[in-house]
Number of protein chains: 2
Amino acid sequence: MKHNLIIADDHKMFLDGLLSILKTESNYNIIFTAKHGGHVQKYISINTEEQIDLVITDVTMPEVDGITLNKWIKENHRTIKTLVVSMHNTPEIIDDLIESNVDGYLQKNAQKEEFLKAIETILGGEKYFSKEIKDIYLQNKFEKNKEKEIKLTKREVEVISLIAEEFTTQEIADKLFLSKHTIESYRKNLITKLNVRNLAGLTKYAIKKGYVSS
Amino acid sequence: MKHNLIIADDHKMFLDGLLSILKTESNYNIIFTAKHGGHVQKYISINTEEQIDLVITDVTMPEVDGITLNKWIKENHRTIKTLVVSMHNTPEIIDDLIESNVDGYLQKNAQKEEFLKAIETILGGEKYFSKEIKDIYLQNKFEKNKEKEIKLTKREVEVISLIAEEFTTQEIADKLFLSKHTIESYRKNLITKLNVRNLAGLTKYAIKKGYVSS
DNA sequence: ATTAATATCCCTGAATTCAGTGATTTGTTG
DNA sequence: CAACAAATCACTGAATTCAGGGATATTAAT
């Protein structure tokens with residue numbers, strides 16, 4: 001029972017490399033390759049009779065990217081498995097893909113063995129994620145949870161941003177047309193709320209959240 | 001006049017992909033491929049009679065990495081050109097390689113056309129760097145220059161790090177077995193030296209320099 | 001060897017931060 | 001509407017920051 005695969009990647013070299021290592025495995029049919037997600041969508045939409053087992057796709061592609069493609073496949077062709085292969089691995093992308101039920105995720109610098117293992121695992125009905133990807137994902141979840149419940153109000157965000165931008169209490173009060181005492185209250189509440197010790201802690205929080213650029 | 005190339009990369013897939021796009025060009029001989037730099041060093045050392053034009057190498061490889069390999073080639077076999085191809089591109093690596101006279105640098109996600117153009121350019125005696133690499137390199141140089149002259153001493157770095165970690169003056173003094181007054185002096189000098197206004201500014205500087213994690 | 005830089009310590013006084021407490025107003029949500 | 005969250009302002013008092021001075025000993029550099 002041969003499996004039918006589709007590969008989508010706009011990098012000729014990666015495509016060739018992948019084809020070469022898949023060629024050594026006799027039980028995979030590469031039925032279609034594409035330079036971007038739109039071609040894959042079209043192919044799948046037209047060839048409704050053909051059994052398609054797995055779509056291997058890059059994330060960054062022109063026109064229709066891998067994230068969109070994966071979402072589309074999972075919404076319209078639930079039975080087709082997907083394996084995403086990417087150069088850049090931000091927590092956001094990984095999270096997004098896992099949320100939309102991708103079956104596997106590898107970094108492009110994975111070794112041949114891992115590629116084959118991932119494909120096998122996915123075709124066997126299980127999910128496969130490389131160690132690095134799992135680490136990034138868990139790290140992200142962990143941090144998110146650690147910082148949950150702490151929600152700053154609009155005003156608090158304004159104040160902490162200005163604090164991190166090195167303005168004094170009086171300057172912030174003037175800027176926001178508030179009393180100096182109010183800003184002092186905000187500062188104090190922020191320190192309590194965010195469980196930090198002083199301005200340094202507030203500044204680090206503001207940077208981490210992107211309220212200011214370091 | 002055919003050119004003789006060597007390729008070093010521990011990723012089978014990348015190697016295969018590169019070979020496949022080079023095969024379409026009839027004037028390149030791939031005379032040797034290797035999984036790490038040591039093999040290339042050995043090959044070059046033994047085959048002294050053979051004309052070797054270009055070594056294409058990955059950065060991260062087991063045993064002898066691409067940076068070491070490039071340095072070795074440039075020191076011992078000046079006439080051999082080198083092209084580095086890498087996944088990860090930190091300013092440090094790029095800087096290091098350019099300093100040791102690498103002839104080209106590409107990201108692994110480059111397109112076929114760019115690979116061929118880079119090889120051609122280098123064999124023609126010129127250097128070739130992808131736009132991204134040039135940007136990273138220049139950005140780095142630019143920032144370095146912008147922040148030059150401001151050099152913190154070891155002690156100052158210690159102090160600013162601890163400040164950014166939210167320790168109080170007294171705590172820092174205790175930690176470093178110094179007087180509280182000394183730390184106050186350091187704080188004051190740092191504020192002057194770094195041209196910031198307060199703790200928030202010091203903290204941002206410490207984060208930007210990586211003395212603390214935000 | 002002389003200068004320059006680094007590391008260390010000290011003082012004053014004004015300004016600010018920080019912890020603790022509390023009050024009023026407005027808007028939101030069950 | 002009642003309860004609650006958000007936004008605003010106020011006061012006290014201790015601790016710390018910050019700006020401005022200096023001083024001395026050791027190390028590095030020219």
Rounded to the nearest Å, what distance is computed from the [atom1] atom of residue [X] to the [atom2] atom of nucleotide [N]?
{"X": "B/Asn189", "N": "C/dC10", "atom1": "CG", "atom2": "P", "result": "16 Å"}
{"X": "B/Asn195", "N": "D/dA19", "atom1": "CG", "atom2": "C1'", "result": "15 Å"}
{"X": "A/Asn198", "N": "D/dA15", "atom1": "CG", "atom2": "C1'", "result": "12 Å"}
{"X": "A/Lys188", "N": "D/dG13", "atom1": "NZ", "atom2": "C1'", "result": "13 Å"}
{"X": "A/Lys154", "N": "D/dA7", "atom1": "NZ", "atom2": "P", "result": "7 Å"}
{"X": "A/Glu156", "N": "D/dA6", "atom1": "CD", "atom2": "C1'", "result": "8 Å"}
{"X": "A/Leu152", "N": "D/dA7", "atom1": "CG", "atom2": "C1'", "result": "14 Å"}
{"X": "B/Arg197", "N": "C/dT17", "atom1": "CZ", "atom2": "C1'", "result": "15 Å"}

Notebook entry, point to check: Closest to the A/Ile191 side chain: D/dT8, C/dC18, C/dT6?
Noted result: C/dC18
Checklist line | Closest to side chain of B/Arg187, choosing from D/dA10, D/dC18, D/dG20 | finding: D/dC18
Checklist line | Non-hydrogen side-chain atoms of B/Gln41 and B/Ile73 separated by less than 4.5 Å | finding: no
Item checked: Residues B/Glu114 and B/Tyr128: side-chain donor-acceptor under 3.5 angstrom -> yes
Notebook entry, point to check: Would A/Tyr105 and A/Phe129 count as a close aromatic pair, with their ring centres under 6.0 Å?
Noted result: no
Item checked: ring-ring contact (aromatic ring centres under 6.0 Å, His included) partners of A/His77, counting only residues at least two apart -> A/Trp72
Notebook entry, point to check: Can you list the steps and then say if B/Asp65 with B/Thr68 is a side-chain hydrogen bond (donor to acceptor under 3.5 Å, both in side chains)?
Noted result: CA-CA 6 Å; B/Asp65 64 40; B/Thr68 312; 2.8 Å; yes
Margin query: Does anything in residues 164-186 of chain A come within less than 4.0 Å of DNA chain C? Heavy atoms only, and list the residues if so.
Written below: A/Thr169, A/Glu184
Margin query: Go through it in stages, so that I can follow the logic: the residues are B/Asn89 and B/Lys108, the test is side-chain hydrogen bond (donor to acceptor under 3.5 Å, both in side chains), and I'd like the CA-CA distance, side-chain angles, deciding distance and then a yes or no.
Written below: CA-CA 10 Å; B/Asn89 316 291; B/Lys108 274 201 179 174; over 6 Å; no
